[in-house]
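A quick write-up on the structure given underneath.
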Amino acid sequence: MSSNDKDKPGGRNKPWSGRFGEPVTDLVKRFTASVAFDQRLAEFDIEGSVAHARMLHAVGILTKADLDAIENGLARILSEIRAGSFPWSIDFEDVHFNIEHRLTDLVGDAGKRLHTARSRNDQVATDVRLYLRASIDHVLTLAKGLQRTLLDLADEHTETIMPGYTHLQVAQPVSLGHHLMAYFEMFARDAQRLADCRRRVNKLPLGAAALAGTSFPIDRLMVAKELGFDGVCENSIDAVSDRDFAIEFCAAAALLMTHLSRFCEELVLWMSPRFGFIDIADRFCTGSSIMPQKKNPDVAELIRGKSGRVNGHLVALLTLMKSQPLAYNKDNQEDKEPLFDTVDTLMMSLAVFTEMLAGVKVNKEAMYEAARQGYATATDFADYLVKKGVPFREAHEAVAQAVRQAENRGCDLAGLKLAELQQFSPLITKDVFEALKLEGSLKSRSHIGGTAPARVKAAIAKARKSLA
Ligand code: ARG
């Protein structure tokens with residue numbers, strides 16, 4: 001027992017235990033403690049406490065001597081935490097009590113004065129917001145890295161032709177660069193969502209105290225400024241009770257993971273020998289313990305799998321919140337593990353995916369062959385007829401018959417002879433072969449957002465500018 005507990009009967013060492021006739025049971029103590037996981041908020045808790053103490057001094061509530069003692073004590077605690085020597089204990093429930101208790105041990109009464117005009121309710125909301133703000137910044141940096149890697153790969157492959165799919169059936173030829181840029185767009189929106197969410201995260205709850213505010217003459221704007229918040233939460237009850245900012249983050253994270261997961265699914269398909277479009281570097285694959293020939297794209301599969309747990313965390317937080325009456329309830333302690341795991345999973349997935357993507361080798365010939373074999377230019381053929389005056393529905397029918405004939409002959413559309421093609425329409429002349437060729441098909445789609453290599457180049461250049 002520390003010196004601080006001696007005046008409490010029965011060794012009841014919680015700051016609130018004065019009101020209680022008996023200590024909590026051991027099981028309840030373990031059940032309610034969050035220190036095992038919320039200690040990761042420690043640095044933010046200290047940062048918040050320093051700002052709070054400085055404000056208390058500025059408005060005349062804390063003496064300079066008390067402020068100095070608190071700042072020195074907290075600095076020492078910070079170094080203990082970083083050194084791994086801080087005496088964490090579930091006797092003190094959570095990160096806030098652990099630090100406050102240690103501070104009081106170190107500096108005496110000044111430590112006990114720190115909690116003036118503050119509650120753990122506004123304290124924890126502040127800590128989580130500081131943590132999440134830093135996490136979002138980190139995620140945004142990682143997302144930018146991924147976007148850059150994507151741009152480099154797309155740039156190399158503006159002229160690489162692959163089959164574009166709908167229903168996973170060959171549809172129309174596209175530039176691989178164009179396909180990759182589709183993901184760039186998704187990740188760009190993900191980054192925008194996160195940046196937008198950050199604006200709502202970056203508001204200060206401190207000053208709300210337990211829920212109703214405080215009778216002390218606090219200066220919330222000073223604390224907000226000190227902690228780099230863009231403003232304060234405008235309503236004290238809302239400030240301590242809502243976690244919509246965390247839910248919003250998880251929603252943005254779930255979407256980002258969904259995009260990564262789709263990409264991973266494609267990499268897995270493309271690496272399968274039936275496609276043979278790409279090879280993923282050995283360092284991102286694993287073998288089988290029984291089948292010597294195997295090289296499995298485990299990293300891609302794991303990211304795809306991990307998207308499930310992030311979706312789960314989003315639902316967990318929504319469910320956590322949906323029936324809580326105002327204001328703070330202990331339910332909110334359950335926000336941390338899903339949130340932390342969402343951040344960890346997202347960061348790891350982004351980092352490993354980016355490295356993996358940078359090491360992908362593209363088999364251009366296999367992609368080209370797949371596009372050639374899939375009658376991918378059938379639409380171009382129909383468009384050709386339309387441009388000669390055939391109504392589109394008739395052109396569609398004529399081309400369908402041509403595809404059947406090519407299928408019977410075992411060749412692609414461009415493999416049919418001019419005379420054969422002319423059976424389907426007398427308007428066909430030898431310039432049809434330009435339309436039937438993959439290169440011609442790509443080149444013709446040269447409007448904004450189209451797959452013409454020159455257009456893709458321009459899209460990449462524009463995207464690069466947006467990242468600068
Ligand atoms: N550990 C708590 C949490 O994570 C801190 C706030 C507790 N406040 C309270 N009045 N019980 O939410």
Side-chain angles (χ1 to χ4, degrees), residues 12-20 23-25 27-49 51-52 77 81 86 88-104 112 114-135 201 203-214 223 227 233 236-247 249-250 313 316-344:
R12 285 175 285 113
N13 49 25
K14 306 271 199 208
W16 42 255
S17 53
R19 188 222 174 284
F20 287 77
V24 295
T25 71
L27 184 60
V28 169
K29 184 165 84 180
R30 282 188 284 128
F31 186 67
T32 53
S34 55
V35 64
F37 51 85
D38 68 13
Q39 55 178 271
R40 91 144 78 181
L41 295 174
E43 299 213 6
F44 302 106
D45 194 70
I46 290 171
E47 198 185 337
S49 287
H52 179 67
I77 288 171
I81 290 169
F86 185 85
W88 295 109
S89 165
I90 76 156
D91 285 343
F92 308 116
E93 199 173 318
D94 58 19
V95 61
H96 324 291
F97 278 163
N98 267 269
I99 291 176
E100 189 183 328
H101 183 267
R102 177 78 183 136
L103 182 66
T104 303
K112 295 186 187 169
L114 169 62
H115 210 55
T116 311
R118 186 177 75 169
S119 152
R120 274 186 303 156
N121 298 352
D122 57 344
Q123 188 178 357
V124 69
T126 302
D127 293 4
V128 173
R129 283 172 185 265
L130 286 172
Y131 159 80
L132 191 53
R133 183 179 73 188
S135 302
V201 169
K203 300 275 188 222
L204 175 78
L206 271 181
L211 79 162
T214 171
V223 179
L227 293 173
C233 299
S236 65
I237 297 174
D238 177 50
V240 293
S241 69
D242 210 340
R243 296 290 182 268
D244 58 356
F245 63 91
I247 296 174
F249 169 79
C250 287
H313 294 327
L317 290 192
L318 284 166
T319 312
L320 172 73
M321 192 52 59
K322 73 177 268 296
S323 302
Q324 285 191 51
L326 297 179
Y328 176 87
N329 302 279
K330 186 78 164 181
D331 311 41
N332 281 341
Q333 182 163 289
E334 284 291 305
D335 66 352
K336 296 184 189 52
E337 286 163 294
L339 182 62
F340 295 163
D341 191 67
T342 297
V343 168
D344 292 346

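Along the sequence shown, the residues carry numbers beginning at 1. Note that ligands are numbered from 1 as they come in the structure, with each ligand's atoms numbered from 1 the same way.
Tyr328 meets the ring-ring contact (aromatic ring centres under 6.0 Å, His included) test with no other residue; sequence neighbours excluded.
Side chain to side chain, Asn332 and Gln324 meet the donor-acceptor criterion of an N or O pair below 3.5 Å.
For the pair Asp335 and Arg243, the tightest heavy-atom approach, listed with the atom from each and the gap, is OD2-NE, 3.0 Å.
The residues Glu93 and Arg120 are annotated as salt-bridged, a charged nitrogen and a carboxylate oxygen being separated by less than 4.0 angstrom. A salt bridge is defined here as a Lys NZ or Arg NE, NH1 or NH2 lying under 4.0 Å from an Asp or Glu carboxylate O, and Asp344 with Arg40 meets this definition.
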Quick check on ligand 1: any N or O pairs to the protein under 3.5 Å? One line per pair.
unit_1, atom_1, unit_2, atom_2, d
ligand 1, 1 (N), Asp94, OD2, 3.0
ligand 1, 1 (N), Gln333, OE1, 2.7
ligand 1, 4 (O), Lys336, NZ, 2.6
ligand 1, 8 (N), Asn121, OD1, 2.9
ligand 1, 10 (N), Asn121, OD1, 3.1
ligand 1, 11 (N), Arg120, NH2, 3.4
ligand 1, 12 (O), Tyr328, OH, 2.4

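Looking only at distances, a side-chain donor or acceptor of Asn98 sits under 3.5 Å from a matching main-chain atom of Ser89.
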